Amino acid sequence: MADASQIIDSFNKDLEKSGHKMEPAKQPDGTYQVLLKKILSDEEIERKDREFGEKLLNVIGNNLLEDQSPEAIQLRKFLGAVYQTNVGMSVETPKQVGIAWLACLEAQDKDPNSEIAKTFRALNKCLEREYVRSRLSV
C-alpha cells in the first residue's frame, strides 16, 4: 500500500490544481478502491478552468506571434483572415490569435473536409515541420 500511496500523492500534486484529489478507500472485502474527490467548489473550479483557458490562448498566440518563420507568418495571415471573417475585427492580441487557432482546430475536428480545415491543417503541418527541423538543426 505504501507504493500505491506514493503514486497517488504524485498524481495529486497536479490533480489538486484542478480542484480534485484521489484518495484510497478500503473496501469491506479488504481491497482498496481509489476515489476521486472534489476539494474546491464548482465556482472555484470554473474560475481555475477559465484562468487556464486564458493562459493557454495567450501562450498559443504569443508563440505564433513571436515566430518569424515564413510558415508562422503564413499561418498568422490565415488566422487573421478567419478571425476577421467570423468576428468582424482584425487580430490584435495574442489571445485573439489563440482563439483563431483553436477555432480552426475545432473546425478541423468538426468538418475535416471544409476549406478552412484543409487550409489550417496544411499550414499548421508546415509550421510543425519547420519547428521540428529548426530544433534538429541546433
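Quick caveat: nothing in here was measured; it's all calculated off a predicted structure. If you read the sequence from its start, that first residue is 1, and numbering goes on from there.
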Taking every heavy atom of K95 against every heavy atom of E54, the minimum-distance pair comes out as NZ-OE2, 2.9 Å
For the pair E128 and K125, find out whether any cationic side-chain nitrogen is under 4.0 Å from an anionic carboxylate oxygen. no
Quick one: name the residues clustered hydrophobically with I45, using the 4.5 Å side-chain heavy-atom rule over I, L, V, M, F, W, Y, and just say none if it's on its own. I39, L40
Do L65 and M89 share a hydrophobic cluster, counting only Ile, Leu, Val, Met, Phe, Trp and Tyr and linking them when any side-chain heavy atoms are less than 4.5 Å apart? yes
Within this structure, what is the CD-CG distance for the pair Q108 and L102, rounded to the nearest 0.5 Å? 11.5 Å
Linking I/L/V/M/F/W/Y whenever any side-chain heavy atoms sit under 4.5 Å apart, do L105 and V59 land together? no
How far apart are the closest heavy atoms of N86 and V82, and which atoms are they? ND2-O, 2.8 Å
Start with the C-alpha distance between V97 and I60, add both sets of side-chain angles, then the distance that settles side-chain contact (heavy atoms from CB on, under 4.5 Å), and finish with yes or no. CA-CA 7 Å; V97 174; I60 291 168; 5.7 Å; no
Check R50 with E46, please: is the shortest side-chain N to carboxylate O separation under 4.0 Å? yes
Of the non-hydrogen atoms in G80 and V91, which two are nearest, and what is the gap between them? CA-CG2, 3.7 Å
Do any N or O atoms from the side chain of Q96 and from the backbone of E92 form a donor-acceptor pair under 3.5 angstrom? yes
hydrophobic_cluster_shared for F120 and Y131, side chain cutoff 4.5 Å: no
I'd like to know if K37 pairs up with E23 as an ion pair, taking the criterion as any Lys NZ or Arg NE/NH1/NH2 lying under 4.0 Å from an Asp or Glu carboxylate oxygen. yes
Looking only at atom types and distance, does a side-chain atom of D67 sit under 3.5 Å from a main-chain N or O of N63, one as donor and one as acceptor? no
Would a 4.5 Å heavy-atom cut-off, applied to side chains only, mark D9 and I7 as touching? no
Would you check if the side chain of E44 reaches a backbone N or O of S41 as a donor-acceptor pair within less than 3.5 Å? yes
Using a strict threshold of under 4.0 Å (side-chain N to carboxylate O), is an ion pair present between R47 and E43? no
Closest approach of M22 to I8 (non-hydrogen atoms, all atoms of both residues): O-CG2, 3.4 Å
Rounded to the nearest 0.5 Å, what separates atom CG in L64 from atom CG in L127? 6.5 Å
Between P112 and A117, the two heavy atoms sitting closest are O-CB, 3.7 Å
Please check this pair: side chain of Q27 against backbone of A25, looking for a donor-acceptor N/O pair closer than 3.5 Å. yes
Listed partners of F78 passing ring pair (Phe, Tyr, Trp, His ring centres under 6.0 Å), at least two apart: none
Give, for atom CZ of R121 and atom SG of C126, the distance between the pair rounded to the nearest 0.5 Å. 12.5 Å
Smallest separation among heavy atoms of S18 and L15, with atom names: OG-O, 2.6 Å
Counting distance only, does the side-chain N/O of N58 pair as donor-acceptor with the main-chain N or O of P94 below 3.5 Å? no
Taking T119 for its side chain and I116 for its backbone only, find out whether a donor-acceptor pair lies under 3.5 Å. no
Please examine the side chains of K38 and K21, heavy atoms only from C-beta on, and report whether any two atoms are closer than 4.5 Å. no
I73: which residues meet the side-chain contact (heavy atoms from CB on, under 4.5 Å) condition with it, sequence neighbours left out? Q68, R76, K77
Has S10 got a side-chain atom pairing as donor or acceptor with Q6's backbone, closer than 3.5 angstrom? no
